[in-house]
Amino acid sequence: MDTVLFLLYLPLISFLLFKIYNFLNQKRHQNCYILDYQCYKPGDNRKLSTDFSGDIILRNKNLGLAEYKFLLKAIVSSGIGEHTYAPRMVFDGRENSPTLDDGLHEMDEFFEDSVGKLLARSGVSPAEIDVLVVNVSMLAAVPSLSSRIINRYKMRDDIKTYNLTGMGCSASLVSINIAQNIFKSRKNVNALVVTSESLSPNWYAGNDRSMILANCLFRTGGCAMLLTNKVSLRHRAMLELKCLVRTHHGARDEAYDCCIQKEDQEGRVGFHLGKTLPKAATRALVDNIKQIAPKILPLRELLRFTVASSLRKMAQTKGGERATINFKTGVDHFCLHTGGKAVINGIGQSLNLTEYDLEPARMTLHRFGNTSASSLWYVLGYMEAKKRLKKGDKIFMISFGAGFKCNSCLWEVRRDLVERNVWDDCVDTYPSQTLLNPFMEKYGWINNDDPSTFQIPNYFMEKYGWTNNNQVPSAFQILD
């Protein structure tokens, strides 16, 4: 009788075991690993010094003294240093009349450097790439930039490509999410993710303050990442993706309009950064945190926060400190988007972070500026160069972008990270004792509003070869 029952149940048990094996085996192949990444660093001849920044501003004949003062205040308070990089056409003096070739050449330089170095160092040939995801928000070329990479590196005919535009500074995690979703349905896949921004055709030459601000913040940069779900390569992986959440507030007009490409009154195209941007970013961050916190924080911290919030509501306490959630119970490092000094300070305040937590983002902003969607990877590079990242550590990434979007994810470090990267030549000088730049020291005299005492310094007159007041640009001629 027992033998009969065993024979009857054997197919059912075998079927269940087969299903369990398939499920577990499939889960093994759905993991998303980063094998390597390569940030882009242009040559020293592309660095924007204080003096050269002054030259660029003076070349814009549409600016007046009021705009000079605004730019001086913006640059001084931006947190950006003197070693960031600008597009080549700015150094050629052609920012008022950029061409399509300028934008394409800018991208080609990045592709040649970062993609080439990444593939060579990882030992993965172009023919082994199964998926290519490229995001460059403000340059749409035909053929696409992804096709440009395929042609340059002679990739396979059956490669799957995704070319993203208009996604803004949060596009990097959107691209990661695309690769992650592909990994869930296909085994043994290598994905190349390329993220950058083309500044050449988008340099604003007008005088709208909300649009010239972008010239102060955005700098040249980019990053190429090699991702895989191959179980056989997980021992080589640097990071493993544990969770990713995307929040989009595009349905709200205030959020949609706060960060947008448009024309000014004279028909000049630029990137508008509105006054409602901080509010839109805060709302998107709050909604994103509500979704991702339960996925990455331990149960005890979620319970503590829930009890603390409930007690505060029951007591109907007005004012005082509100209940805050402690992200450090589930996160070791914070990789923040370098959208600007105010963005970093705002996230730090919202998450109750220390100066140590904010240091990588602040130093990245100072050294490389806001490199749009690739900025997160420069921040990660700083942590790696400082040898902060140890096996088992958790890294929380947060980015913001036009739309308005807030995207975040959690990575787990697979091994101690000590690789050399773009920070090699300067990491020992950071953290800098001061993040002040010399703009105020050299151009602070612009803020003098008194016509009776307003005087252009002699060194400034000599630099530009002005021998008398008649040669001085009209913007400085405020005397009656």
Side-chain angles (χ1 to χ4, degrees), residues 25-41 103-136 139-165 167 171-196 198 221-241 373-374 377 380-381 411 414-415 417 419-422:
N25 187 53
Q26 188 176 15
K27 291 289 289 184
R28 290 172 67 236
H29 289 275
Q30 289 182 352
N31 292 332
C32 178
Y33 302 104
I34 285 188
L35 291 180
D36 204 353
Y37 69 99
Q38 176 66 48
C39 291
Y40 174 50
K41 184 167 70 173
L104 293 175
H105 183 65
E106 182 183 7
M107 291 296 97
D108 286 340
E109 287 183 326
F110 160 55
F111 298 155
E112 185 75 21
D113 178 271
S114 295
V115 175
K117 287 179 179 178
L118 176 65
L119 295 177
R121 188 172 63 241
S122 64
V124 176
S125 72
E128 294 178 276
I129 301 299
D130 304 292
V131 175
L132 173 63
V133 186
V134 179
N135 67 262
V136 177
L139 179 63
V142 180
S144 66
L145 294 177
S146 58
S147 296
R148 206 171 181 88
I149 294 176
I150 291 172
N151 178 261
R152 165 63 184 82
Y153 291 98
K154 308 306 177 187
M155 295 178 173
R156 297 201 319 260
D157 294 344
D158 62 345
I159 188 172
K160 301 298 183 288
T161 63
Y162 301 83
N163 200 88
L164 308 182
T165 61
M167 304 302 288
S172 182
L173 295 190
V174 176
S175 298
I176 295 289
N177 191 214
I178 289 175
Q180 179 192 26
N181 289 332
I182 293 173
F183 290 167
K184 291 179 180 179
S185 59
R186 293 179 58 191
K187 295 181 180 180
N188 298 318
V189 175
N190 288 327
L192 177 63
V193 174
V194 181
T195 177
S196 185
S198 179
C223 184
M225 295 150 274
L226 184 59
L227 282 65
T228 189
N229 64 348
K230 291 184 177 181
V231 177
S232 60
L233 295 178
R234 64 181 178 181
H235 68 282
R236 291 177 48 191
M238 303 175 71
L239 306 172
E240 179 182 354
L241 183 62
S374 65
W377 306 98
L380 182 69
W411 298 93
R414 296 281 304 177
R415 54 183 170 83
L417 300 183
E419 277 83 357
R420 300 173 64 86
N421 59 38
V422 292

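Sequence positions, counted from 1, serve as the residue numbers for this chain. All heavy atoms count here, side chains included; hydrogens, waters and symmetry mates do not.
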Query raised in the report: For Tyr33, which of Leu226, Thr228, Leu227 qualifies under side-chain contact (heavy atoms from CB on, under 4.5 Å)?
Result: Thr228

Query raised in the report: For Asp157, does the CG atom have more than 12 heavy-atom neighbours from other residues, nucleotides or ligands under 6.0 Å away?
Result: no

Query raised in the report: Can you list the steps and then say if Val136 with Val194 is a side-chain contact (heavy atoms from CB on, under 4.5 Å)?
Result: CA-CA 8 Å; Val136 177; Val194 181; over 6 Å; no

Query - Smallest separation among heavy atoms of Gly381 and Tyr37, with atom names - result: CA-OH, 3.3 Å

**Report entry** Side-chain touch Glu240/Ile34, heavy atoms, less than 4.5 angstrom
**Finding:** no

Query raised in the report: Minimum heavy-atom separation for Ser198 to Glu106, with atom names?
Result: OG-OE1, 3.3 Å

Report task. Look up atom CD in Gln30 and atom CG in Leu241, then write down how far apart they are to the nearest 0.5 Å. Result -> 12.5 Å

Query raised in the report: What pair of heavy atoms forms the shortest contact from Phe110 to Ser196, and how long is it?
Result: CE2-CB, 3.5 Å

Query raised in the report: If you round to the nearest 0.5 Å, how far is NZ of Lys117 from SG of Cys39?
Result: 11.0 Å

Report task. Answer yes if the side chains of Ser175 and Ser172 hold a donor-acceptor pair under 3.5 Å, and no otherwise. Result -> no

Query raised in the report: Minimum heavy-atom separation for Arg156 to Ala127, with atom names?
Result: NH1-O, 2.7 Å

Query raised in the report: Roughly how far apart are Thr165 OG1 and Leu145 CG, rounded to 0.5 Å?
Result: 9.5 Å

Report task. Say whether, by atom type as modelled, one donor and one acceptor occur between the side chain of Asp113 and the main chain of Glu109 under 3.5 angstrom. Result -> no

Requested in this report: Step by step, work out the side-chain contact (heavy atoms from CB on, under 4.5 Å) result for Arg148 and Leu104.
Outcome: CA-CA 10 Å; Arg148 206 171 181 88; Leu104 293 175; 3.8 Å; yes

Report task. Please assess Leu417 against Arg415 for the test side-chain contact (heavy atoms from CB on, under 4.5 Å), listing each intermediate value before the final yes or no. Result -> CA-CA 6 Å; Leu417 300 183; Arg415 54 183 170 83; 3.9 Å; yes

Query - ring pair (Phe, Tyr, Trp, His ring centres under 6.0 Å): pairs with one or both residues in residues 111-136, sequence neighbours excluded - result: none

Query raised in the report: Just checking, is any N or O donor in the side chain of Asn135 or Thr195 under 3.5 Å from an acceptor N or O on the other one?
Result: yes

Query - Under 3.5 Å donor-acceptor, Asn163 side chain and Ser146 backbone - result: yes

Query raised in the report: Taking Lys230 as the fixed residue, which of Leu35, Asn188, Asn31 is the one that meets the side-chain contact (heavy atoms from CB on, under 4.5 Å) rule?
Result: Asn188

Requested in this report: Would you indicate whether the side-chain heavy atoms of Arg234 and Arg414 approach each other to under 4.5 Å?
Outcome: yes

Query raised in the report: Should the pair Trp411 and Trp377 be assigned to parallel (<30°), tilted (30 to 60°) or perpendicular (>60°) ring geometry?
Result: perpendicular

Report summary line: Heavy-atom closest pair (Val115 atom, Ala224 atom, distance to 0.1 Å) is CG2-CB, 4.0 Å

Query raised in the report: If you take all heavy atoms of Asp36 and Arg121, which pair is closest and at what distance?
Result: OD2-NE, 2.8 Å

Query raised in the report: From Ser125 OG over to Lys154 NZ, what is the distance, rounded to the nearest 0.5 angstrom?
Result: 15.0 Å

**Report entry** Residues Lys160, Asp130; criterion salt bridge (Lys or Arg N to Asp or Glu O under 4.0 Å); working and verdict
**Finding:** CA-CA 6 Å; Lys160 301 298 183 288; Asp130 304 292; over 6 Å; no

Query raised in the report: How many angstroms lie between OG in Ser114 and CD in Gln38, if you round to the nearest 0.5 Å?
Result: 5.0 Å

**Report entry** Leu118 and Val124, any side-chain heavy atoms less than 4.5 Å apart
**Finding:** no

Query raised in the report: Given side chains that start at C-beta, do those of Val193 and Ile178 come closer than 4.5 Å, heavy atoms only?
Result: no

Query raised in the report: Where do Ile149 and Val134 land on the side-chain contact (heavy atoms from CB on, under 4.5 Å) test, with the steps shown first?
Result: CA-CA 9 Å; Ile149 294 176; Val134 179; 3.7 Å; yes

Query raised in the report: Are Val133 and Ile176 side-chain neighbours, meaning at least one heavy-atom pair lies under 4.5 Å?
Result: no

**Report entry** Full working for salt bridge (Lys or Arg N to Asp or Glu O under 4.0 Å) between Arg152 and Asp108
**Finding:** CA-CA 9 Å; Arg152 165 63 184 82; Asp108 286 340; over 6 Å; no

Query - Distance, nearest 0.5 Å, that separates CG of Leu239 from SG of Cys32 - result: 10.0 Å

Query raised in the report: Do Arg186 and Val131 have side-chain heavy atoms sitting under 4.5 Å apart?
Result: yes

